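In what follows, a structure is listed as structure tokens, so that the remarks can point back to it.
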Amino acid sequence: MSKNIVVAIDGYSSCGKSTLAKALAKKLNFIYIDSGAMYRAVTLYFLRNNIDLQKPEIIKEALENIHLDFQTLNNETVITLNGEDVSKEIRQMHVAEKVSLISAIKAVRVEMVRQQQRMGKSGNIVMDGRDIGTVVFPNADLKLFMTADPQIRAERRYNELISKGETVKMEEIYDNLAKRDLQDTTRKESPLIQAQDAIILDNSDINESQQLEFALGHIKL
Ligand code: DC
């Protein structure tokens with residue numbers, strides 16, 4: 001019986017999880033799934049439809065009306081929300097500001113985990129997020145836990161935003177990362193923690209091709 005191979009990549013914000021996950025998926029010809037994009041798309045739906053977070057029934061109904069899918073368009077993987085490509089909009093600030101709040105709701109997590117586990121049945125995958133090796137795929141074939149020096153992460157994020165033409169302050173970026181790390185690691189539902197059997201990848205002093213080599217060195221096909 002052939003088994004689907006699952007690579008789970010978890011870690012702090014702006015550690016380069018998606019860069020590594022995409023490179024790994026490309027190299028191995030696996031499907032890449034960005035679980036953060038799913039929480040962002042749910043957040044966008046909640047914002048557009050003014051979902052009242054105090055009403056569990058309304059949240060339940062909203063979740064039933066959300067259909068997420070990943071599709072490949074012009075060599076790029078995009079996420080669709082009820083058929084609409086929302087890949088760009090989910091990266092905008094109005095979504096980023098609310099995603100921590102929405103992703104901490106238990107009903108939201110239960111539904112996303114269900115969908116992520118279903119996706120894991122459809123082929124070999126690389127999935128990145130915060131709870132992939134602990135909750136979504138506790139039996140993943142390879143678990144990586146990514147970390148990097150906070151100052152280096154902030155500098156990378158700063159350079160990325162500046163190169164996109166945004167006006168940002170280094171101090172602001174540093175504080176925002178520290179806040180998100182704190183929120184992700186201390187929330188009640190599925191906080192970010194390293195799975196016991198995860199391999200730590202600290203990429204403070206290594207580049208993208210070195211981290212890819214590191215990950216490939218741990219994969220047993
Ligand atoms: O990876 P990202 O920054 O795009 O994730 C967006 C948000 O979603 C982030 O605040 C943490 C949350 N998230 C989560 O709670 N669980 C996941 N598996 C992935 C992301």
Side-chain angles (χ1 to χ4, degrees), residues 6-25 31-47 53 59 63 66 68 70 76-81 86-120 125-138 140 143-148 150 153-154 156-158 160-161 164 173-195 198 201 203:
V6 175
V7 178
I9 303 182
D10 290 302
Y12 297 98
S13 293
S14 290
C15 257
K17 296 186 296 292
S18 66
T19 303
L20 175 62
K22 273 185 212 159
L24 203 52
I31 298 163
Y32 164 55
I33 294 165
D34 174 355
S35 70
M38 298 171 72
Y39 288 97
R40 287 171 182 267
V42 169
T43 301
L44 179 62
Y45 181 95
F46 276 37
L47 287 171
L53 304 182
I59 292 178
L63 288 169
I66 293 176
L68 302 176
F70 286 93
E76 284 276 316
T77 303
V78 300
I79 185 165
T80 59
L81 167 61
V86 292
S87 311
K88 291 217 164 59
E89 194 172 351
I90 59 167
R91 303 285 155 205
Q92 290 175 358
M93 214 49 203
H94 68 290
V95 175
E97 276 167 0
K98 288 278 180 290
V99 66
S100 290
L101 187 70
I102 308 293
S103 62
I105 299 171
K106 186 166 185 182
V108 171
R109 301 206 70 84
V110 168
E111 179 55 23
M112 289 306 104
V113 170
R114 194 183 65 78
Q115 293 199 21
Q116 288 152 6
Q117 288 173 337
R118 197 197 61 215
M119 290 171 184
I125 63 163
V126 180
M127 190 179 288
D128 72 341
R130 306 294 189 289
D131 61 342
I132 311 305
T134 48
V135 177
V136 184
F137 297 115
K143 298 181 188 177
L144 293 173
F145 189 85
M146 288 181 71
T147 178
R153 284 158 55 201
R156 287 179 186 156
R157 183 101 187 106
Y158 176 83
E160 187 188 323
L161 292 170
K164 283 185 185 160
I173 305 269
Y174 188 93
D175 290 349
N176 177 267
L177 282 184
K179 193 171 142 206
R180 283 165 66 194
D181 285 352
L182 185 71
Q183 277 172 341
D184 286 348
T185 52
T186 56
R187 70 174 176 223
K188 197 166 143 254
E189 296 300 331
S190 313
L192 169 66
I193 41 164
Q194 186 198 332
L201 169 50
N203 67 6

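Both counts, for ligands and for their atoms, begin at 1 and track the order of listing. All values reported here derive from a predicted model rather than from experimental measurement.
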Any idea which heavy atoms bring K17 and D10 closest together, and the distance?
CD-C, 3.6 Å
Which N/O atoms of ligand 1 sit under 3.5 Å from a protein N/O, and at what distances?
from: ligand 1; atom 1: 1 (O); to: R130; atom 2: NH1; distance (Å): 3.0
from: ligand 1; atom 1: 3 (O); to: R40; atom 2: NH2; distance (Å): 3.3
from: ligand 1; atom 1: 3 (O); to: R130; atom 2: NH2; distance (Å): 3.3
from: ligand 1; atom 1: 3 (O); to: R180; atom 2: NH2; distance (Å): 3.2
from: ligand 1; atom 1: 4 (O); to: R40; atom 2: NE; distance (Å): 2.7
from: ligand 1; atom 1: 4 (O); to: R40; atom 2: NH2; distance (Å): 3.3
from: ligand 1; atom 1: 15 (O); to: R109; atom 2: NH1; distance (Å): 2.8
from: ligand 1; atom 1: 15 (O); to: R109; atom 2: NH2; distance (Å): 3.4
from: ligand 1; atom 1: 15 (O); to: R187; atom 2: NH1; distance (Å): 2.8
from: ligand 1; atom 1: 15 (O); to: R187; atom 2: NH2; distance (Å): 3.0
from: ligand 1; atom 1: 16 (N); to: R109; atom 2: NH2; distance (Å): 3.0
from: ligand 1; atom 1: 18 (N); to: S35; atom 2: OG; distance (Å): 3.0
from: ligand 1; atom 1: 18 (N); to: R130; atom 2: N; distance (Å): 3.2
from: ligand 1; atom 1: 18 (N); to: D131; atom 2: OD1; distance (Å): 2.8

F137: what forms a ring-ring contact (aromatic ring centres under 6.0 Å, His included) with it, not counting sequence neighbours?
none
Would you please test R153 and D181 for salt bridge (Lys or Arg N to Asp or Glu O under 4.0 Å) and show each step?
CA-CA 12 Å; R153 284 158 55 201; D181 285 352; 2.9 Å; yes
Check the side chains of S13 and R130 for a donor-acceptor pair under 3.5 angstrom, ignoring hydrogens and angles.
yes
Tell me yes or no: between the side chains of R109 and Y39, is some donor less than 3.5 Å from an acceptor?
yes
Would you call R156 and E160 a salt bridge, using N to O less than 4.0 angstrom?
no
